[in-house]
Q: 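Here it is, the structure in full.
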Amino acid sequence: MLPRSRTMPSRIIHGVVEERQDIVHYRKVEDRTNVETETQAMNMEANYSKSFDDDGRLKRTGTFWTASSHIITAVIGSGVLSLAWAIGQLGWVAGPVIMILFALVILYTSNLLSHCYRSGDPVTGPRSYTYMEAVKAHLGGRKVKICGMIQYINLFGVAIGYTIAASVSMMAVKRSNCFHKSHGKDPCHMSSNGYMITFGIIEILFSQIPDFDQVWWLSIVAAIMSFTYSFVGLALGIAETTENKEIKGSLTGISIGTLTHAGTVTATQKLWRSFQALGAIAFAYSYSIILIEIQDTIKSPPAEYKTMKKATYLSIFVTTTFYILCGCMGYAAFGDEAPGNLLTGFGFYDPYWLLDIANIAIVVHLVGAYQVYCQPLFAFVEKWSAKRWPNSDFVTMEYDLTIPFYGIFHVNLFRVVWRSIFVIVTTVIAMLLPFFNDVVGLLGALGFWPLTVYFPIEMYMSQKKIKKWTSQWIAFQILSFGCLLVSIAAAVGSVAGVVLDLKTYKPFKTSY
């Protein structure tokens with residue numbers, strides 16, 4: 001018999017309504033479908049939570065070890081080259097002690113900053129992806145603009161400092177080969193201007209690549225290069241000390257009456273040089289503005305700030321140990337004559353090839369580092385300009401340029417003009433003021449107190465709602481004020497160094 005149609009009523013047999021099998025079947029199908037749909041939804045939600053974090057971004061995979069390596073890579077850079085000179089100004093007692101004090105202050109404020117990655121609750125609150133976003137989330141208002149201004153001025157100064165450092169290393173390669181060929185008979189004097197212009201041209205070309213700082217291999221190359229020249233400097237310092245069979249230097253640093261390229265060191269100049277050394281050490285540790293970005297790579301649980309604290313402890317211990325070794329071995333090798341750039345003090349013809357490798361590594365590192373530091377400034381100006389002149393083709397229009405063996409490259413006229421002008425200006429200033437130590441000290445002074453101490457403390461107090469005139473608030477103010485005095489002293493010493501160097505300097509005519 002054919003099955004009864006679903007449109008007809010159920011049959012009644014002996015007063016009992018027959019249960020239709022077709023309806024039972026469809027009920028079972030429908031029930032099974034609902035269960036399967038709910039299961040799929042739960043599986044999708046579980047898979048989503050496995051693939052994405054609470055902010056909708058891809059799941060972060062960073063660990064204690066990756067965060068530590070990022071910090072160490074970021075810290076160890078061209079600042080290590082001036083540490084022997086810095087200890088040379090302070091002496092065997094004050095030099096290492098001050099370096100350790102800097103490390104302790106930065107360790108403490110970095111831990112405070114790790115709590116500010118999330119606003120509100122440090123475990124579940126909204127995330128900040130950059131240092132500026134953290135300041136905006138916790139402090140807001142005028143302090144965000146002040147922070148931005150300080151940060152961008154600092155980035156501008158770093159571009160000048162890197163141009164000077166790169167030109168010095170490029171010259172060192174040329175001079176080492178000159179000395180090797182002449183066996184030390186030719187003094188091999190030369191000007192740094194041509195090398196600064198060469199570095200500027202390279203940076204103009206690289207600056208036209210949008211988001212060049214996001215190129216995946218850039219940080220790997222930078223890390224390899226920075227470790228290469230840092231370890232070469234350390235090894236040469238140990239070798240020079242061993243060869244001399246004596247440890248040079250004194251307990252109080254450079255002696256009054258020592259003859260330098262700027263003249264004889266007086267009591268006043270020794271004070272300024274000591275202050276300038278504080279700025280050089282601060283510059284070597286200037287990495288607070290990227291800590292939030294590093295923390296944003298860490299997976300949770302455990303809470304990101306807990307992992308970041310452990311990574312900070314390890315990385316600062318490693319870098320401080322390395323810094324003290326580089327600074328002390330360099331000072332032991334050269335004493336009062338410790339050079340501003342460690343790798344220019346070992347002579348140029350023995351072993352000239354090792355010095356060439358180290359100096360080439362510096363140049364390669366600084367080419368990439370220049371872009372890493374300047375791209376945020378480029379992006380800020382271009383974003384502001386696009387908002388200011390949204391209908392200007394010069395500012396907003398992208399043109400397609402076909403490049404052989406590459407493909408289509410997008411060109412924006414405003415980007416070409418603005419970035420080129422920026423590089424030209426920084427290069428010209430570097431040519432006018434080619435004083436590596438003075439610039440490094442000034443940069444360290446400008447960035448240390450506001451970016452490393454003041455804003456992390458203010459953000460932490462805002463998040464924890466610490467009230468005024470409590471014991472914790474007073475302690476924070478004392479720490480902040482003390483670091484402010486250090487920054488002021490370093491800035492004054494660096495400016496005094498520039499003034500002193502200008503007395504014996506002729507613009508665009510300095511030779512080495």
Side-chain angles (χ1 to χ4, degrees), residues 94 97-154 275 278-279 281-283 285-292 294-296 302-313 316 320 444-493:
V97 169
I98 288 175
M99 200 173 290
I100 291 172
L101 289 176
F102 265 98
L104 292 175
V105 169
I106 289 165
L107 176 63
Y108 183 66
T109 56
S110 297
N111 285 337
L112 297 183
L113 186 59
S114 68
H115 282 271
C116 303
Y117 169 61
R118 292 180 182 265
S119 52
D121 190 283
V123 179
T124 60
R127 302 170 187 260
S128 297
Y129 305 115
T130 64
Y131 189 95
M132 282 283 290
E133 286 186 15
V135 173
K136 185 176 182 179
H138 291 87
L139 303 177
R142 188 172 58 182
K143 289 184 178 179
V144 180
K145 295 181 180 179
I146 295 173
C147 176
M149 182 177 66
I150 294 171
Q151 187 173 342
Y152 293 133
I153 290 174
N154 196 51
F275 286 166
L278 299 179
I281 296 172
F283 178 77
Y285 279 108
S286 60
Y287 65 99
S288 294
I289 58 174
I290 63 167
L291 281 184
I292 294 292
I294 293 174
Q295 191 166 344
D296 190 45
E304 299 89 356
Y305 77 91
K306 293 181 179 179
T307 304
M308 193 64 181
K309 277 187 176 181
K310 294 177 183 178
T312 304
Y313 279 115
I316 290 184
T320 301
L446 288 175
F448 175 64
W449 175 72
L451 300 177
T452 303
V453 179
Y454 175 76
F455 282 113
I457 286 177
E458 291 295 312
M459 286 191 284
Y460 182 81
M461 291 196 298
S462 173
Q463 187 188 59
K464 300 299 182 182
K465 296 179 173 56
I466 296 174
K467 295 182 179 179
K468 284 186 176 182
W469 305 113
T470 60
S471 58
Q472 195 173 12
W473 183 88
I474 292 173
F476 278 136
Q477 299 308 313
I478 292 173
L479 174 62
S480 182
F481 183 71
C483 292
L484 172 62
L485 293 180
V486 170
S487 278
I488 292 173
V492 170

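All heavy atoms count here, side chains included; hydrogens, waters and symmetry mates do not. Just so you know, these numbers come straight off a predicted model, no measurement behind them.
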Q: Side chains of Ile478 and Ile474, heavy atoms from C-beta outward: is any pair under 4.5 Å?
A: yes
Q: Which class fits the ring pair Tyr454 and Trp449: parallel under 30°, tilted 30 to 60°, perpendicular over 60°?
A: tilted
Q: With side chains defined as the heavy atoms from C-beta onward, is the minimum distance between Met308 and His115 less than 4.5 Å?
A: no
Q: State the OG-CZ distance between Ser128 and Arg118, to the nearest 0.5 angstrom.
A: 10.0 Å
Q: Please check if atom NZ in Lys309 has more than 12 non-hydrogen atoms from other residues, nucleotides or ligands closer than 6.0 Å.
A: yes
Q: If you look at every heavy atom in Ala490 and Gly279, which pair is closest and at what distance?
A: CB-N, 3.5 Å
Q: Hey, can you pull the donor-acceptor pairs under 3.5 Å for the side chains in residues 99-114, sequence neighbours left out?
A:
residue: Thr109; atom: OG1; partner: Val105; partner atom: O; Å: 3.1
residue: Thr109; atom: OG1; partner: Ile106; partner atom: O; Å: 3.3
residue: Thr109; atom: OG1; partner: Thr452; partner atom: O; Å: 3.0
residue: Ser110; atom: OG; partner: Ile106; partner atom: O; Å: 2.6
residue: Asn111; atom: ND2; partner: Leu107; partner atom: O; Å: 3.3
residue: Ser114; atom: OG; partner: Asn111; partner atom: O; Å: 2.6

Q: A side-chain contact here means heavy atoms from C-beta on lying under 4.5 Å apart; do Tyr460 and Gln472 qualify?
A: yes
Q: Who are the ring-ring contact (aromatic ring centres under 6.0 Å, His included) partners of Phe275, not counting sequence neighbours?
A: none
Q: Find the distance between OH (Tyr131) and CD (Gln151) and round it off to the nearest 0.5 Å.
A: 8.0 Å
Q: To the nearest 0.5 Å, what is the distance between SG on Cys116 and CG on Leu139?
A: 8.5 Å
Q: What residues, two or more places apart in sequence or in another chain, satisfy ring-ring contact (aromatic ring centres under 6.0 Å, His included) together with His138?
A: none
Q: Please determine whether salt bridge (Lys or Arg N to Asp or Glu O under 4.0 Å) holds for the pair Arg127 and Glu304, giving the CA-CA distance in whole Å, both sets of side-chain angles, and the decisive distance to 0.1 Å.
A: CA-CA 10 Å; Arg127 302 170 187 260; Glu304 299 89 356; 3.2 Å; yes
Q: Looking at Cys147 and Met132, what are the two nearest heavy atoms and their distance?
A: SG-SD, 3.8 Å
Q: Mind jotting down which residue pairs meet the salt bridge (charged side-chain N to carboxylate O under 4.0 Å, His left out) criterion with at least one end in residues 459-486? Sequence neighbours excluded, please.
A: none
Q: How long is the span from the OH atom in Tyr305 to the NZ atom in Lys310, to the nearest 0.5 Å?
A: 11.0 Å
Q: Of all the heavy-atom pairs spanning Ile281 and Ile98, show the shortest one and how long it is.
A: CD1-CG2, 4.1 Å
Q: Kindly write out the residues that satisfy salt bridge (Lys or Arg N to Asp or Glu O under 4.0 Å) with Lys143, not counting sequence neighbours, or none if the list is empty.
A: Glu458
Q: Of all heavy-atom pairs between Ala137 and Ser119, which one has the smallest distance, and what is that distance?
A: CB-CB, 4.0 Å
Q: The criterion is side-chain contact (heavy atoms from CB on, under 4.5 Å); which residues satisfy it with Ala491, sequence neighbours excluded?
A: Leu442, Ala445
Q: Nearest 0.5 Å, please: how far is OH in Tyr129 from CD in Gln295?
A: 13.0 Å
Q: Which value, rounded to the nearest 0.5 Å, describes the distance between Phe455 atom CZ and Ile146 atom CD1?
A: 6.0 Å
Q: What are the two closest non-hydrogen atoms of Val453 and Ser480, and how far apart are they?
A: CG1-CA, 4.0 Å
